[in-house]
Asks: 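What follows is a structure written as structure tokens; I'll ask about it next.
Numbered from 1 within each chain, the chains take letters A, B, ... in sequence-line order.
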Amino acid sequence: MSIFQELANRDQVFDFLAPVQSPVDVRHGPILYMEDVNVSFDGFKAINNLNLTVDDGELRCIIGPNGAGKTTMMDIITGKTRPDTGSVWFGSRHNLLTKNEPDIASLGIGRKFQKPTVFEALTVFENLELAMATDKRILPTLTAIMKPEYRDRIDEVLQTIGLQELRDRLAGILSHGQKQWLEIGMLLMQKPRLLLVDEPVAGMTEQEMERTAELLTSLAGKQSVVVVEHDMGFVRSIARKVTVLHQGSVLAEGTMDQVSNDPEVIKVYLGEEA
Amino acid sequence: MASSQNWLLRPFQERSTQLFLGVLFTALVVVTFLHLFMPQDSALHVSAYTVTLLGKYLCYALLAVAVDLVWGYLGILSLGHGAFFALGGYAMGMYLMRQIGDRGTYGDPVLPDFMVFLNWDSLPWYWQGFDMAWFAFIMVLLAPGLLALVFGFLAFRSRVTGVYLSIITQALTFALMLAFFRNEMGFGGNNGLTDFRDILGFNLRTDATRLGLFIATGIALAIGYVICRAIVASKLGRVSIACRDAEARTRFLGYRVERVQLFVFVVSAMLAGVAGALYVPQVGIINPSEFSPLFSIEIVVWVALGGRATLYGAVIGAILVNYAKTVFTGVMPDAWLFALGGLFVLVTVFLPKGIAGLLQKRHKTKPDDDTPTRQEATA
Ligand SMILES: Nc1ncnc2c1ncn2[C@@H]1O[C@H](COP(=O)(O)OP(=O)(O)OP(=O)(O)O)[C@@H](O)[C@H]1O
Ligand SMILES: [Mg+2]
């Protein structure tokens with residue numbers, strides 16, 4: 001009897017009848033959840049009891065002085081660095097501490113590095129091609145063909161990042177700002193649920209910065225974005241919620257106005273610039 | 001950009017591959033013609049000795065292509081590829097030994113001479129099956145492939161790369177050399193395997209067999225080259241370049257870098273094994289010196305001279321250096337290593353992209369355009 005029920009349950013027989021369900025379960029809370037995370041390098045505590053949650057669709061800015069642990073935090077989320085203690089969850093289903101970098105990337109976490117890293121010996125187009133969300137296993141990659149819809153998708157992203165002209169040039173010849181854009185384009189190709197963007201506007205002109213701000217704000221809502229940035233003007237222009245990191249833990253959290261009026265924050269961070 | 005839907009057919013649409021195959025097949029045909037149809041006393045006659053010498057160069061060329069695949073496109077500087085070459089050679093040598101049958105000095109129908117000499121009374125288990133050509137030829141691929149699989153699995157999983165990887169590949173081939181020197185290993189000790197009679201029923205000492213082996217080697221080189229080109233021109237080839245230049249970034253895109261490395265490494269080792277298997281019947285012997293660390297370093301020098309990450313450069317480098325070696329060791333045998341070292345230094349200083357780099361420069365269509373496209377950089 002139950003066999004018939006199983007057979008009648010079309011959702012399970014035909015994949016395409018099943019409701020589209022994200023592999024990330026955010027029904028019960030945030031998309032990213034870090035609790036009591038600690039990391040030390042040779043006795044130096046780079047991350048110190050860090051607690052951080054990011055809601056689905058949120059655009060979060062993270063600021064903090066040099067060495068505050070911002071990049072290290074991203075290393076932990078993406079599986080590059082393993083924390084000594086603590087837990088890190090992606091949605092309520094995926095424990096990130098049990099996964100390696102490619103697994104985490106396939107789950108839908110994309111990352112832009114602090115130092116722009118693109119593949120310099122490949123063309124701009126090929127850089128985007130490799131980033132595209134497709135089957136990344138060996139044999140499918142070996143036999144992969146460039147389908148027209150892939151080409152369209154890449155051209156669309158090229159448009160967004162304004163590098164159409166440089167499509168077939170080696171990424172190595174790009175300027176610093178263009179490399180930043182290309183890396184953002186690679187992030188877009190991955191179609192991640194959560195984007196971790198480390199210092200996206202370093203080396204960009206005022207204009208380029210504005211376009212980056214537009215792009216990142218337009219992504220929020222559909223995707224969740226975490227931006228680490230030193231440029232206060234830029235943060236102010238995109239920020240809704242800001243987290244201040246200091247010596248490996250959260251010092252303050254709130255709107256830009258709230259944190260910039262926080263006496264603690266002024267003391268350790270904004271004070272330097274004021 | 002190649003448009004073929006099938007990854008294996010893609011190379012045939014590339015001009016560089018067409019040119020390479022054209023030159024290679026022309027050379028095969030010309031040598032065959034000059035060997036068969038020119039009278040012995042003609043200046044244009046190619047002797048059987050020369051045919052075999054050329055066959056040997058082609059084996060080295062295939063070996064160099066295999067090294068260039070992992071070094072040029074994946075950034076793994078293997079200083080142990082001689083080991084895969086030698087393993088393929090030993091697999092072939094074992095087949096050839098068993099073909100001798102009772103024609104050996106001791107006339108034992110099964111045991112090779114050196115085993116009789118060691119007073120062994122039966123074949124060791126790992127010599128079983130090598131009397132069958134198909135089995136031996138599978139082992140030519142399997143023995144180096146398996147070694148590469150196990151070695152690569154351990155090394156790449158623990159993310160050993162760069163100089164450290166190069167050093168342990170040297171250690172690997174050195175350890176194998178010591179092992180194969182031991183008589184108890186059952187591979188003929190320092191004499192190796194030799195005195196072969198025939199292959200697939202053809203007498204190895206006849207000119208016709210030698211010519212056949214030369215042509216077979218040329219075809220193997222063509223196939224190996226096309227396989228490598230197909231990998232390089234596929235998306236996996238671009239992922240390899242990505243692993244070479246920015247390993248961490250590639251991981252964060254969702255590629256399993258260690259598996260990419262393992263796949264390409266195993267393919268390369270198998271090609272090296274085929275090169276070794278074709279080498280042994282032509283030179284008539286395989287001994288542990290093929291495992292020598294120095295030989296593996298020499299292969300890398302050929303590739304560097306020819307031009308890394310071009311594949312055809314590896315072929316040019318292997319043939320030129322070995323031709324020079326033949327000439328040089330005839331005149332001044334002791335000075336060869338110094339000449340090779342000197343050549344290497346000169347090329348790395350003045351021709352960092354090797355001979356292939358020189359060729360590319362001459363073929364550049366727009367000399368004033370200093371922003372290369374990918375075609376100029378790698379094709
Ligand atoms: N692999 C490592 N080994 C040792 N120390 C490290 C390592 N990675 C980071 N650190 C240290 O941890 C601290 C936090 O570094 P992190 O790069 O996370 O800072 P950050 O907030 O990103 O700074 P910046 O604004 O300069 O990018 C620094 O003091 C750094 O020197
Ligand atoms: Mg940082």
Side-chain angles (χ1 to χ4, degrees), chain A residues 74-75 78-80 100-113 115-147 150-151 166-174 183 186-187 189-190 192 196, chain B residues 1-10 72-75 156-157 159 227-228 230-267 308-309 369-379:
Chain A
M74 292 198 169
D75 286 346
T78 52
K80 190 178 178 205
N100 60 20
E101 296 106 311
D103 285 337
I104 292 173
S106 322
L107 280 179
I109 298 185
R111 176 176 187 184
K112 190 208 133 330
F113 285 75
K115 177 175 169 288
T117 8
V118 296
F119 306 121
E120 308 212 333
L122 298 176
T123 65
V124 170
F125 183 88
E126 289 167 336
N127 269 271
L128 295 175
E129 180 205 6
L130 292 197
M132 189 161 44
T134 50
D135 197 337
K136 307 264 164 101
R137 287 171 305 168
I138 301 292
L139 292 181
T141 308
L142 180 64
T143 57
I145 52 173
M146 180 48 70
K147 292 187 189 151
Y150 293 165
R151 197 176 297 270
L166 299 165
R167 187 178 185 272
D168 295 316
R169 290 309 186 82
L170 294 184
I173 65 152
L174 300 183
E183 216 184 344
M186 289 163 77
L187 261 187
M189 292 299 304
Q190 279 179 274
L196 305 174
Chain B
M1 186 169 284
S3 60
S4 177
Q5 301 292 302
N6 188 319
W7 69 282
L8 260 176
L9 296 180
R10 230 177 257 140
Y73 295 94
L74 201 57
F156 303 140
R157 192 193 53 168
R159 300 195 183 169
I227 290 176
C228 291
I231 293 176
V232 167
S234 75
K235 189 173 172 190
L236 190 66
R238 295 189 279 284
V239 175
S240 304
I241 292 176
C243 296
R244 176 190 77 186
D245 295 345
E247 199 179 311
R249 183 95 200 76
T250 317
R251 264 199 196 98
F252 291 121
L253 288 184
Y255 294 99
R256 281 161 179 74
V257 170
E258 64 286 348
R259 292 194 199 165
V260 175
Q261 291 171 327
L262 193 57
F263 176 84
V264 179
F265 193 65
V266 169
V267 169
R308 189 182 157 199
D369 186 355
D370 61 355
T371 51
T373 65
R374 182 174 149 67
Q375 264 61 38
E376 281 163 333
T378 53

Asks: Flag the one option from Thr143(A), Asn127(A), Thr141(A) with the top tally of heavy-atom pairs under 4.5 Å to chain B.
Replies: Thr141(A)

Asks: Is there a donor-acceptor pair under 3.5 Å between the side chain of Arg251(B) and the backbone N or O of Glu101(A)?
Replies: no

Asks: Among Leu253(B), Val260(B), Leu262(B), who wins on heavy-atom pairs under 4.5 Å with chain A?
Replies: Leu253(B)

Asks: Can you name the residues that form a salt bridge (charged side-chain N to carboxylate O under 4.0 Å, His left out) with Arg157(B), not counting sequence neighbours?
Replies: none

Asks: Please classify the contact of Phe263(B) with chain A as side chain, backbone, both or neither, using a heavy-atom distance under 4.5 Å.
Replies: side chain

Asks: Can you tell me which of Met132(A), Glu183(A), Lys80(A), Met189(A) forms the most heavy-atom pairs within a distance under 4.5 Å of chain B?
Replies: Glu183(A)

Asks: Asp75(A): which residues meet the salt bridge (charged side-chain N to carboxylate O under 4.0 Å, His left out) condition with it, sequence neighbours left out?
Replies: Arg111(A)

Asks: Would you check if the side chain of Glu120(A) reaches a backbone N or O of Asp245(B) as a donor-acceptor pair within less than 3.5 Å?
Replies: no

Asks: Using atom types as modelled and distance alone, determine if a side-chain donor or acceptor of Tyr73(B) lies under 3.5 Å from a backbone N or O of Cys228(B).
Replies: no

Asks: So what's closer than 4.5 Å to chain B heavy atoms on Asp103(A): side chain, backbone, both or neither?
Replies: both

